[in-house]
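Take a look at the structure below.
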Amino acid sequence: AFALADTPRATVKDAHSERESSIVCRLRAQRCEWNHGVKHAAHDAREEKAPAPVQITAEQIVREASERAEEVYKVPKRKIADADELREYRYEQRKNFEDRVRSEYWQPRAWIRYAKWEEQQGDLPRARSVWERALEHHSREVPIWSQYAEMEMKAKAVNHARNVWERACGTLPRVDMFWYKYIHMEETLGQVAACRQIFEKWLTWEPEHPAWYAYVKLEQRYKENARARDIFQRYVQVHPDVKAWTRWAKFEFAAGDREKAREVYEAAVEFLKNEPDIGELYTMFARFEEMCHEVERARAIYKFALDNLAKEQAEEVYKEFMKFEKMHGNREGIEDVVVGQRRFKYEEEVAKNPLNYDTWFDYVRLEESAGDIAKTREVYERAIANVPPANEKRFWQRYIYLWINYALYEELEARDAERTREVYRACLKVIPHSEFSFSKVWIMSAKFELRQRRLDACRKILGLAIGLAPKEKIFKAYIDIEFQLGNVDRCRTIYEKALEVDAQNCSTWVQYAELERSLGEVERGRAIFELAVDQPMLDMPEVLWKAYIDFETSEGERERTRALYERLLERTKHVKVWMSYARFEATPVVVVEDDADEAAIAAATAAAEDDEHERLATRQSVSRAVYERALEELKESSPDAKEERVMLLEAWKSFEDSLPSEYSRAADVKAKMPKRVKRKRAVTDDSGHEVGQEEFYDYVFPDDASAKTPALKILEAAYAWKKQKA
């Protein structure tokens, strides 16, 4: 330390850096020693399962480094002994400041430092000179004007300060700080008239809200309410917005004149009715009435606002109205507010996407729960006005339910039959029937007319539906209505019309035949079935044949049923047909009523056993013959359809197992059952190249020629040997 006292500054810095480097090196060496000791201690601790005796932390390293750190070198302070040294010091400083402001005259900070230094020296004329020179270069710098005036005020040079503030406000009239400080200085001096003059001069520039409100506050401090009211009248003319009018009304309320405050609010509502922030004014008006304990007035203001405001402006009003009702309202009022808030939410959603029919459903449900028929109808009309943009049925499915719900609401809730009829008519006009239609709408419209006891109108609607959109559901609904009314001839006419439109529809043929059977017209039903099976194209022929077979079976016509099976087998050799044929031959044909109980069925079955053709011996032999015939047919016509043959054999075996022992031939069927073997086959890609092999299960029947090959005999021998070893 003594060696560093007489060395130059650069040498001192080098010495300090060398010392710091040596300290860091020593710390690192010491840390390495500690770490080395810690490693050995940790090794011993692992061996002895005890903590290391030497522990070191980062906190210890930082603390020791701080303790050993040396003080940073500081430049010594200069002490002035006499006036000559002071003059020399001032001369040097002024020369430095002048050089700096001469070379960096564009830097306001240099001028401010120079002027403040002159102020510290107590030489105000020199300081003023520096400030004036600074303003020549930076006449629009706010800090220079502000600190110049503050220097004059500190020196109690009031006239100089006024001069500076006047010049500052004239140069930068949009800087509110100059006006505030100028007015504050005059008010501190008690010059209220001067403050008014400054405010009047400021207001000619039409400043923002704080300036006007500060002028009002000045008049309030000196109890000049009439002057403050005149200022407010000018204020709302310059700034015609909610903030200005609300401040005026609050001023009148604070002055104790409630009627005048109410007049101000009413004038504001009339003046600002087209402004976007009018909702805030309604809220403030309602709060004012609430503070005056005029609850009904406040509620009326809220409701008037909600009825007249646009939906995007009413959100805050809804929130405030809800708070108001929770404090002052009853249950009905609170529910109305909740409904209003949800209504506003739905309005926002439908405004964003008018084609979101789910939102319309929720909105309509809300209005229905509120019980206002007029509003509910309005929402329904707005919803159905949003027709889907494309004539594709998938876009119309949700939309049509809006019409249906509208019609049901008018019929069930509003009890307006004529309006319901108009809704159905309008809906049917909107639907593009040339491209698609909705049977549900036609049927509901017809049934509505039927409930109104207008049968002719019902038939006209269904007839128009058949002409524009002949669909199965419409025919079925029309037939059900006429059948319930007992008009059988009309039912037959409608069935014939349906078959003319779509002769391939098997369900229509079946229903027509069942109608004739239910009327006791068996021959008519049989003729209809015959016409049906002779059609060249059918959508579900298996359903039709099954219904025809069940029809003949229920009539007890075994021979006719057998003939039907034979005709069906001429068209198809499917295994399920053979299995159904065999089950039919194995089952006794019993004719009972449709509503017969189990006892009647059992008695009829027992009576059938007396018939030679319905005895068990006859039935089981005929059924077995069908199984044998089916097996031969499948073997010859489809030798690769081995799974179908397995299905047939399993059904045959179940049949034999169900017979008494004297009739059963289950052993013969079991001998025909195949063996299940695992084989491999080639797998090819799309181009036909072989890409590998896969395993599959195959069936080997005893009566197949391939079953007698030597390879299979070897496999059978291997299987038997493996079974014997096991």
Interatomic distance, M444 atom CE to E449 atom CD [nearest 0.5 angstrom]: 12.5 Å
Residue pairs involving residues 464-483 (criterion salt bridge (charged side-chain N to carboxylate O under 4.0 Å, His left out); sequence neighbours excluded): R459-E482
Ring-face cation contact, F551 with R526, 6.0 Å cut, 45° max: no
Side chain T283, main chain G279, donor-acceptor under 3.5 Å: yes
From NZ (K447) to CD1 (I481), nearest 0.5 Å: 6.0 Å
salt_bridge(E496, R490) N-O dist < 4.0 Å: no
Y406 side, atom OH; Y380 side, atom OH - distance, nearest 0.5 Å: 9.0 Å
Check ion pair R421-E418 (N to O, under 4.0 angstrom): yes
Short N-O contact, E290 and R297, less than 4.0 angstrom: no
Flag if over 12 foreign heavy atoms under 6.0 Å of CZ, R174: yes
Residues forming a side-chain contact (heavy atoms from CB on, under 4.5 Å) with E435, sequence neighbours excluded: N391
N/O donor-acceptor pair under 3.5 Å between W403 side chain and V430 backbone: no
Gap separating the CG atom of L468 from the OG atom of S434, nearest 0.5 angstrom: 9.5 Å
Aromatic ring pairing Y235/W212, orientation class (parallel under 30°, perpendicular over 60°, tilted between): parallel
Under-4.0 Å salt bridge between D550 and K546: yes
Salt bridge present between R415 and E410 (N-O < 4.0 angstrom): no
Check: I549 main-chain N/O paired with T553 side-chain donor or acceptor under 3.5 Å: yes
Candidate list D502, L499, V501, T508, test side-chain contact (heavy atoms from CB on, under 4.5 Å), partner F475, passing option: V501
Sequence-distant partners of F361, ring pair (Phe, Tyr, Trp, His ring centres under 6.0 Å), two or more places apart: none
Ionic contact status for E347 with R382, cut-off 4.0 Å: yes
Backbone N/O of D241 and side chain of H239: donor-acceptor pair under 3.5 Å: no
Carboxylate-amine/guanidinium proximity below 4.0 Å for R517 and E555: yes
Aromatic ring pairing Y399/W396, orientation class (parallel under 30°, perpendicular over 60°, tilted between): perpendicular
Pair E320 + R287, salt bridge at N-O below 4.0 Å: yes
Salt-bridge criterion met for R299 and E296 (N-O under 4.0 Å): yes
Exam field: side chain D277 to backbone E280, donor-acceptor pair closer than 3.5 Å: no
Parallel, tilted or perpendicular, as decided by the 30° and 60° cut-offs, for the rings of Y424 and F448: tilted
Distance-only donor-acceptor check, side chains S580 and Y565, under 3.5 Å: yes
E252 bridged to R262 by N-O distance under 4.0 Å: no
Polar side-chain atom of D539 near backbone of C506 as donor-acceptor pair, under 3.5 Å: yes
Any donor-acceptor pair under 3.5 Å from K573 side chain to E633 backbone: no
Donor-acceptor under 3.5 Å (T587 side chain, R583 main chain): yes
Sidechain-backbone polar pair: S369 side chain, L366 backbone, donor-acceptor under 3.5 Å: yes
Spacing of CZ belonging to F438 relative to CD1 belonging to I431, to within rounding of 0.5 Å: 6.0 Å
Parallel, tilted or perpendicular: rings of W245 and F271 (30°, 60°): tilted
